[in-house]
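Written out below as structure tokens is the structure these notes cover.
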Amino acid sequence: MSVPGPSSPDGALTRPPYCLEAGEPMPGLSDTSPDEGLIEDLTIEDKAVEQLAEGLLSHYLPDLQRSKQALQELTQNQVVLLDTLEQEISKFKECHSMLDINALFAEAKHYHAKLVNIRKEMLMLHEKTSKLKKRALKLQQKRQKEELEREQQREKEFEREKQLTARPAKRM
């Protein structure tokens, strides 16, 4: 149903075929009755619509299919990126927990050092108390010895005084 426009001497159209000049009747429409020639126009229009639809589809379908494929690839890439992101998040959580573990180990090391120092101090105090006990025992033994010697000295003095005291002579 195309209406060719006026052509130039070389055969090329000077205006698009769908443009009408003033005063030209529209194709498919007549001045007589609106119903006249309608069936013919419909069949031609059906064919034209079909051809136009096929042309439109053949023109845009490859682009739409490429776009669909690109969208599918983007969706797949997005899923891959989400999985990677989740893995990275879990790695960060592990790193954070490793930092916590490292802090716990550092704290344990600190307390171990404190325990070692306390043990050294306890050993040193044990040695000092052992020495003090030995010294106290020696002092006690020395005092007992001195007291024993004093007691023996007193007894000797008492015996000497006893011997020095006057005794009445015995008569026989």
Side-chain angles (χ1 to χ4, degrees), residues 1-140:
M1 170 175 155
S2 65
V3 177
S7 55
S8 62
D10 60 353
L13 295 176
T14 57
R15 62 183 168 91
Y18 53 85
C19 290
L20 297 175
E21 299 244 343
E24 283 187 60
M26 252 183 113
L29 294 178
S30 64
D31 292 335
T32 57
S33 166
D35 293 337
E36 194 177 313
L38 187 61
I39 296 175
E40 290 175 14
D41 288 343
L42 281 178
T43 57
I44 293 174
E45 284 182 18
D46 286 343
K47 288 179 185 177
V49 166
E50 214 173 286
Q51 288 175 351
L52 285 173
E54 286 176 13
L56 185 67
L57 282 176
S58 67
H59 181 71
Y60 286 111
L61 190 61
D63 288 338
L64 289 174
Q65 287 175 339
R66 281 192 297 271
S67 297
K68 181 180 177 182
Q69 182 68 26
L71 283 174
Q72 287 174 343
E73 287 177 18
L74 285 174
T75 305
Q76 288 174 344
N77 290 340
Q78 212 172 24
V79 168
V80 169
L81 283 175
L82 285 174
D83 289 341
T84 306
L85 186 63
E86 287 176 6
Q87 290 173 356
E88 292 298 320
I89 288 172
S90 66
K91 285 180 186 178
F92 280 124
K93 286 180 181 178
E94 286 177 21
C95 286
H96 187 66
S97 64
M98 289 299 289
L99 290 176
D100 291 342
I101 290 172
N102 287 338
L104 287 175
F105 276 118
E107 191 175 354
K109 187 177 180 181
H110 173 72
Y111 284 117
H112 181 265
K114 276 188 169 186
L115 284 173
V116 167
N117 287 337
I118 289 171
R119 185 169 185 235
K120 285 180 184 178
E121 287 180 23
M122 287 178 68
L123 288 173
M124 185 179 68
L125 289 174
H126 177 70
E127 289 176 13
K128 284 184 179 182
T129 55
S130 297
K131 287 180 183 178
L132 286 174
K133 283 180 183 178
K134 286 180 185 178
R135 186 173 175 204
L137 184 63
K138 285 182 183 179
L139 286 174
Q140 187 180 10

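Numbers here are sequence positions counted from 1.
Tested against Val80 for a side-chain contact (heavy atoms from CB on, under 4.5 Å), the candidates Leu82, Thr84, Asp83 yield a single pass: Thr84.
To the nearest 0.5 Å, atom CD of residue Glu45 and atom CG of residue Leu52 are 10.5 Å apart.
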Review item, side-chain donor-acceptor pairs of residues 96-107, under 3.5 Å, at least two apart:
unit_1, atom_1, unit_2, atom_2, d
Ser97, OG, Lys93, O, 3.3
Ser97, OG, Glu94, O, 2.7
Asn102, ND2, Met98, O, 3.3

N/O donor-acceptor pairs under 3.5 Å from side chains in residues 118-138, not counting sequence neighbours:
unit_1, atom_1, unit_2, atom_2, d
Thr129, OG1, Leu125, O, 3.1
Thr129, OG1, His126, O, 2.8
Ser130, OG, His126, O, 2.9

Solution key, residues 56-68 side-chain donor-acceptor pairs under 3.5 Å, sequence neighbours excluded:
unit_1, atom_1, unit_2, atom_2, d
Ser58, OG, Glu54, O, 3.1
Ser58, OG, Gly55, O, 2.9
Asp63, OD1, Arg66, NH2, 2.0
Ser67, OG, Asp63, O, 2.9

Are Lys91 and Glu88 close enough, and set up right, to give a salt bridge (Lys or Arg N to Asp or Glu O under 4.0 Å), and what steps lead you there?
CA-CA 5 Å; Lys91 285 180 186 178; Glu88 292 298 320; 3.7 Å; yes
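Considering only heavy atoms from C-beta on, Leu74 stays 4.5 Å or farther from Gln78 through its side chain.
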